[in-house]
Structures are given as C-alpha cells and as structure tokens.
Amino acid sequence: MSHHPGVKWAETTDKIFLTVVLADSKETKVNLLPEVVFDFSAKAGPENHVYELKLELQNKVNVEESKINIGLRSIFCIIEKIEPETWDKLILRKGHTMSRLIGRWVDEDNEGSTG
C-alpha cells in the first residue's frame, strides 16, 4: 500500500511552484507530461514506505521549460504554464479532495513587478 506525500503550491500567471514534502526520499521519480499530468513516486523512512502522487493539473504545461529539484527534505518543481493565466485550483477534477494538500499561496501584489 502506498502513502501520499504532502504538497504545497503557489503560482504566478506563468508558473506553478509545487513542493512535495517528503524528507530523505530514495528512488525518487518525477514525471511531468504536457497532457496535464504530474506523476511522483519515492521511498522514504526507515521502513522504505512507498509514496505516490498523481495529479491531473488544471491546464497544459511546458515540460521542456519546467525545472525539478530533488532535495533532502522536499522535491521542488517550477512548472511553466503554456497559457499565462491564474488557475483557480491546482488539479482538474471537480469534487476531488486531496487530504494531504497542505496549502496554496499567490502574491498578486508582486505579480508582474520588476523590483
């Protein structure tokens, strides 16, 4: 049986900042598909529990321009949107709740500022 890691996300009109919160992950795999799929799997903890996460994102993304950084305590992704717009939610499916979605943050005051 797999577990679900915690997820935090924020956005600007052209990017999604997605953090998978999972310390000391091993065998980490992150697949980002332009057809709006974010797929994650890893093992963590002293018993090597399997953690999996599959998200259908709100809209299409630019896989080639997106960046993924696997760190010691989390996996940080900068996902480039194809269409610059603010998403009202991260995932596409209506009525779907993610019990481990930790939070969302967007700073509209700094959106588009240069300094």
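Below, each value reflects all heavy atoms present in this structure, side chains not excepted, and no hydrogens, waters or symmetry copies. What you see is a predicted model; the values in this text were computed from it and never measured.
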Checklist entry - Say you draw a straight line from CG of L33 to CG of D39; how long is it, rounded to the nearest 0.5 Å? => result 7.5 Å
Checklist entry - What is the minimum heavy-atom distance between E80 and E65, and which atoms define it? => result CG-O, 3.3 Å
Checklist entry - Looking at A23 and A44, what are the two nearest heavy atoms and their distance? => result O-CB, 3.8 Å
Next on the checklist: Counting only heavy atoms not in E83 (residues, nucleotides, ligands), do more than 12 fall under 6.0 Å from its CD?
Outcome noted: no
Next on the checklist: Please report the interatomic distance CH2(W9) to CZ(F38), rounded to the nearest 0.5 Å.
Outcome noted: 13.5 Å
Checklist outcome for this item: Heavy-atom nearest pair, S66 first then I79, reads OG-CA, 3.4 Å
Checklist outcome for this item: Shortest non-hydrogen pair, V37 vs K54, comes out as CG1-CE, 3.8 Å
Item to check | Criterion side chain to side chain contact (heavy atoms under 4.5 Å, CB included) on V50 and H3, from CA distance to verdict | outcome: CA-CA 6 Å; V50 175; H3 300 6; over 6 Å; no
Next on the checklist: Can you tell me how far apart CD1 (I70) and OG1 (T28) are? Round to the nearest 0.5 Å.
Outcome noted: 5.0 Å
Checklist entry - Going by heavy atoms in the side chains, are V20 and P5 under 4.5 Å from each other? => result yes
Checklist entry - How long is the span from the CG atom in N62 to the NZ atom in K15, to the nearest 0.5 Å? => result 10.5 Å
Item to check | Verdict with supporting geometry, Q58 and L90, side chain to side chain contact (heavy atoms under 4.5 Å, CB included) | outcome: CA-CA 6 Å; Q58 179 74 21; L90 177 64; over 6 Å; no
Item to check | Test log, rule side chain to side chain contact (heavy atoms under 4.5 Å, CB included), inputs V61 and I16 | outcome: CA-CA 9 Å; V61 297; I16 292 289; 5.9 Å; no
Checklist entry - What's the spacing between I75 CD1 and I68 CD1 if we round to 0.5 Å? => result 10.0 Å
Checklist entry - Is there a donor-acceptor contact under 3.5 Å linking the side chains of K81 and N59? => result no
Item to check | Connected hydrophobic set around F76, excluding itself, where side chains approach under 4.5 Å | outcome: F17, I78
Checklist outcome for this item: From the list L22, L32, L55, side chain to side chain contact (heavy atoms under 4.5 Å, CB included) partner of F40 resolves to L22
Checklist entry - What class does the angle between the rings of Y51 and H49 fall in, given that below 30° is parallel, 30 to 60° is tilted and above 60° is perpendicular? => result perpendicular
Next on the checklist: Show the nearest heavy-atom pair for residues E52 and H4, with the distance to one decimal.
Outcome noted: O-ND1, 3.1 Å
